[in-house]
There are 2 protein chains.
Amino acid sequence: MRMDPHLLRTYVAVARLASFSAAARELGYTQSAVSQHIAALEQDLGTPLLGRRPVAPTRAGERLLEHAGPLLLRLDAARAEVTALAGAPDEGLTLAATPTALTPRTLRALPPTGVTLRVLPRADVPEAVATGAAHLGLVDGLAAPNDPLRLADVAPLTTRGAGQEPVRVLLPAGHPLARRTGLRLGDLADARWLDAPGAGLPLHQLRAAHGTGGFRPALRYEGTDVRTLIGLAAAGHGLVLLPESAAAAPGTGTVAVPLTEPRVVHRTEVVHTGELRGAAAAFAVRLDITRS
Amino acid sequence: MRMDPHLLRTYVAVARLASFSAAARELGYTQSAVSQHIAALEQDLGTPLLGRRPVAPTRAGERLLEHAGPLLLRLDAARAEVTALAGAPDEGLTLAATPTALTPRTLRALPPTGVTLRVLPRADVPEAVATGAAHLGLVDGLAAPNDPLRLADVAPLTTRGAGQEPVRVLLPAGHPLARRTGLRLGDLADARWLDAPGAGLPLHQLRAAHGTGGFRPALRYEGTDVRTLIGLAAAGHGLVLLPESAAAAPGTGTVAVPLTEPRVVHRTEVVHTGELRGAAAAFAVRLDITRS
DNA sequence: ACCCTCCATAAGTGATGCTGATGCCCGTCG
DNA sequence: CGACGGGCATCAGCATCACTTATGGAGGGT
């Protein structure tokens with residue numbers, strides 16, 4: 001009758017699988033129960049949420065979907081945070097990070113033992129921290145110097161800067177612009193770009209930094225491996241923006257040219273919930289000490 | 001057993017009122033039910049949330065409180081958005097706005113009839129829009145030119161710029177700096193300031209714009225009336241930052257000096273959910289046409 | 001010392017949320 | 001064209017749950 005998390009969870013499962021019975025199997029209910037869940041939701045909200053045959057969200061249902069995900073995520077985050085406070089401080093340190101956030105400097109600050117490193121696409125890092133899957137997150141992105149990064153706030157997360165470095169454009173060795181000593185982003189708006197939301201810097205950040213459109217993706221890479229990304233750039237599949245430390249790759253057939261315009265830096269930030277305890281706190285301190 | 005919205009709602013009520021029985025009265029339950037709700041939550045999360053006698057949140061409880069508010073808010077937002085889509089488009093237009101966002105230009109764009117104007121403190125505007133209490137919101141704040149405002153995202157809200165204007169410092173007529181033709185924020189960090197989160201620009205935005213601390217509040221004004229605020233400034237209770245259009249107030253015993261440094265503007269933005277329909281859409285279009 | 005307030009607990013009851021069975025609709029295939 | 005089958009809706013039955021009322025116990029104030 002009221003918008004129970006249970007009902008929402010069933011709803012997203014049904015919407016995702018486009019099937020009542022499949023959702024029932026996944027959730028360990030009977031098909032009947034799922035049907036009643038959806039009926040309860042629809043009656044509560046006073047509007048149909050799913051078209052049957054085929055099972056697909058209505059317009060109202062799509063709206064609900066936009067809310068349901070973050071809602072359930074935040075619910076998990078709340079539970080994780082509260083229960084973490086109850087239990088003893090965890091041994092070890094689980095760190096969620098984007099691949100390019102793992103600069104030599106951050107890696108050096110890691111404690112020698114007890115570390116679990118979890119490399120994730122950029123968008124999944126805050127989520128991992130919020131739900132307690134990681135004690136600490138490292139995210140990176142493009143920003144004006146000394147400006148904070150803009151993160152989607154799934155939950156109240158604390159962030160602090162963990163370093164900045166120049167940005168470089170990665171070009172295949174034979175590229176006409178490869179001899180330049182500096183490049184301006186505006187001159188590259190019409191070039192072929194790699195869209196690598198998991199590994200490189202996502203194109204929408206380029207558009208935001210440059211202020212307008214352009215930057216059409218030639219190839220989309222969904223992995224998190226920077227070496228592969230560099231390989232793609234070397235093979236001429238498109239340009240990528242990388243932090244200096246990741247772009248310096250002799251022998252890969254690429255050239256990394258500094259970006260001169262606009263004045264943006266590759267910024268990496270530590271993100272965590274509440275207060276830090278144990279190994280996570282120690283790591284944060286060591287990062288702070290070596291801050292560039 | 002599971003983190004039911006009901007349980008969260010009673011939890012926040014108990015925490016706010018610091019009393020089980022008072023919360024029970026407010027929610028229309030018996031005291032016993034409230035007690036069971038809290039017990040269920042505490043058992044589910046495996047940790048005490050409230051100290052009794054006096055009733056006050058534990059550390060874990062405080063964490064939960066941080067999540068519970070936004071969570072419940074977003075639940076309401078989801079319900080509002082879905083049910084709004086179900087019913088017929090509303091007649092009229094309800095507009096939630098901060099007082100200083102209501103510049104002459106925005107007021108001129110209002111349709112001649114059917115408007116309900118709801119002036120709220122800055123922080124409440126996105127909430128009003130998200131929960132459907134208003135069709136449209138107008139928020140303002142300090143930003144670098146052409147930078148978007150940073151709003152707390154209680155729900156996926158769409159924003160678009162609705163105008164910018166210069167910022168002025170309001171000084172009492174006899175103030176030593178009143179003769180200046182321009183002022184720098186850095187020179188005023190140690191002055192007495194009015195903290196007016198509802199009416200003027202909140203001090204924390206000043207600190208953010210200036211990059212450091214300072215800007216200690218001399219008096220805090222919690223209303224939403226700009227005339228009163230100007231009166232306070234005239235009486236020497238402190239300085240305020242206001243958009244040009246609000247600061248031009250001859251005969252009030254104040255002088256409005258342009259702010260030259262840092263380069264920030266008073267920016268106002270329209271905020272709304274999903275797509276606009278009816279009068280709200282028309283208003284947004286008219287705002288766009290007259291965009292400065 | 002007593003009482004009064006306030007929270008916890010126990011027992012009872014109506015409502016709820018599940019399961020299993022069955023019905024109905026529609027697409028598919030013989 | 002009719003029979004079959006997959007998939008969602010509906011129904012009845014039952015176990016559990018979420019309330020209520022009633023009572024107990026702990027503190028603080030007079």
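In what follows, chains carry the letters A, B, and so on, assigned in the order in which the sequence lines appear, proteins first and then strands, with residues in each chain numbered from 1.
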Any ring pair (Phe, Tyr, Trp, His ring centres under 6.0 Å) pairs touching residues 5-24 of chain A, not counting sequence neighbours?
none
Residues in residues 56-64 of chain A with a heavy atom under 4.0 Å of DNA chain D, by number, are none
Pairs involving residues 118-133 of chain B, ordered by first then second residue, that meet salt bridge (Lys or Arg N to Asp or Glu O under 4.0 Å) (sequence neighbours left out)
B:R122-B:D140
Which atom pairs, one a donor and one an acceptor, fall under 3.5 Å between side chains of residues 62-70 of chain B and the rest of the protein, sequence neighbours left out?
unit_1	atom_1	unit_2	atom_2	d
B:R63	NH1	A:E81	OE2	3.0
B:R63	NH2	A:E275	OE1	2.7
B:H67	ND1	A:R74	NE	3.4
B:H67	NE2	A:E81	OE1	2.9

For A:R25, what residues pass the salt bridge (charged side-chain N to carboxylate O under 4.0 Å, His left out) criterion, not counting sequence neighbours?
none
Stretch residues 8-27 of chain B: residues that reach within less than 4.0 Å of DNA chain C through a heavy atom:
B:S19, B:F20, B:S21
Sequence neighbours left out, what pairs pass side chain to side chain donor-acceptor pair (under 3.5 Å) with at least one residue falling in residues 12-24 of chain B?
B:R16-B:E26
In this structure, how many angstroms lie between the C1' atom of C:dA15 and the CG atom of B:D4, rounded?
15 Å
Remember a base hit wins even if backbone is also touched, and classify A:V34 as base, sugar-phosphate or nothing at under 4.0 Å, heavy atoms.
nothing
A:T228 meets the side chain to side chain donor-acceptor pair (under 3.5 Å) criterion, sequence neighbours left out, with A:D225
Set of residues satisfying side chain to side chain donor-acceptor pair (under 3.5 Å) with respect to B:Q36, sequence neighbours excluded
B:S32
Sequence-distant partners of B:T83, side chain to side chain contact (heavy atoms under 4.5 Å, CB included), two or more places apart
A:L45, B:R79
Which residues pass the ring pair (Phe, Tyr, Trp, His ring centres under 6.0 Å) test with B:Y29, sequence neighbours left out?
B:H37
Do A:L95 and A:L138 touch side chain to side chain, with heavy atoms closer than 4.5 Å?
yes
I need a per-nucleotide contact map over nucleotides 18-24 of chain C, read 5' to 3'. Cutoff is protein heavy atoms under 4.0 Å; write B for the base, S for backbone only, - otherwise.
BBB----
